[in-house]
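Values below: every heavy atom of this structure, side chains too, minus hydrogens, waters and symmetry copies.
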Amino acid sequence: VCLGGDSSETVFSRKFHPASTMKLAIAASALEYDAKLANFSYTCKGNNTFTLDAEGKETVSVHCSGGNVHGTLTTMESAMAQSCNGYFIALAQQVPEEILRKNLKKFGFDDVMHYDSFKFDDNTFMGQGQASVTTIGLNMYTNAILNKGVLAEPHFILGSNDKREEPMKAKTQAVTRQMCTEEVADSIKNMMVKVMREGTGRDFAVDGVEMAFKTGTGEEGDGKTQTL
């Protein structure tokens with residue numbers, strides 16, 4: 001399966017910024033560390049300033065998409081619905097870096113995917129900068145959330161048989177790993193439903209169909225954007 005006109009780039013190899021879809025992994029990582037962070041509160045001013053060093057001398061400004069000012073967000077669920085960049089950087093700062101790295105690794109975000117460092121000024125926590133993902137990787141980690149936190153090995157062959165008249169032998173479904181607890185996965189799924197009902201995904205909702213998803217808009221080096 002290829003993307004675009006370049007036959008050398010497939011869903012397994014083509015990398016792009018996960019953008020705000022990465023907020024799902026950050027939220028899950030935070031909840032795995034401390035369930036009370038579900039009620040973490042942050043006031044978004046549209047253009048949010050963060051301290052990068054212990055002395056407070058180095059700061060960086062991070063804006064929300066479209067210049068939106070989200071005001072005070074009192075729950076992780078409401079921040080996910082609005083896809084507030086400031087909130088999720090502040091949330092990530094509540095988790096010790098070593099633990100955050102460990103938890104994000106469960107979702108496939110590691111040094112293989114260009115996570116050489118976690119610096120707020122390279123927009124990593126907004127799914128930009130050094131953050132990259134493949135199409136299959138993004139689908140695997142979001143599906144794991146909807147599968148009670150279990151990452152199942154993907155199969156392109158559902159089953160096989162030796163003779164046409166014999167029933168098909170289903171391929172055994174192997175569990176690769178538990179990416180997060182079932183409780184955390186359910187919490188993230190509920191956030192994804194709210195994205196569709198009340199948040200940035202309202203325009204993609206289909207009447208009568210229950211859906212759960214996360215929107216994302218990535219910025220490329222040439223100034224172009226891509227919508228996920």
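- Between the side chains of Thr200 and Ser83, no donor-acceptor pair of N or O atoms lies under 3.5 Å.
- Side-chain contact annotation: Lys106 with Ser29, donor-acceptor N/O pair under 3.5 Å absent.
- In this structure the side chain of Pro96 reaches within 4.5 angstrom of the side chain of Tyr33, judged on heavy atoms.
- Side-chain atoms of Asn68 come within 3.5 Å of backbone N or O of Ser65 as a donor-acceptor pair.
- Within the 4.5 Å cutoff, the side chain of Phe40 has no heavy atoms near those of the Met76 side chain.
- Here the side chain of Gln94 pairs a donor or acceptor atom with the backbone of Ala90 at under 3.5 angstrom.
- Side-chain contact between Ile145 and Met179 is absent, with no heavy-atom pair separated by less than 4.5 Å.
- A donor-acceptor pair under 3.5 Å links the side-chain atoms of Asn48 to the main chain of Lys45, judged by distance alone.
- Salt bridge present: Arg101 and Glu97 bring a charged side-chain N and a carboxylate O closer than 4.0 Å.
- Counting heavy atoms from C-beta on, the side chains of Leu91 and Tyr42 never come closer than 4.5 Å.
- Residues Val193 and Glu210 form a side-chain contact, since some pair of their non-hydrogen atoms from C-beta on lies under 4.5 Å apart.
- Hydrophobic cluster membership is shared by Leu24 and Phe204, with clusters built from Ile, Leu, Val, Met, Phe, Trp and Tyr side chains linked at under 4.5 angstrom.
- For Thr43 and Thr72, the side-chain atoms include at least one donor-acceptor pair closer than 3.5 Å.
- Here the side chains of Met22 and Leu104 are in contact, with some heavy-atom distance below 4.5 Å.
- Linking ILVMFWY residues whenever their side-chain heavy atoms come closer than 4.5 Å, directly or via other members, places Met211 and Met191 in the same cluster.
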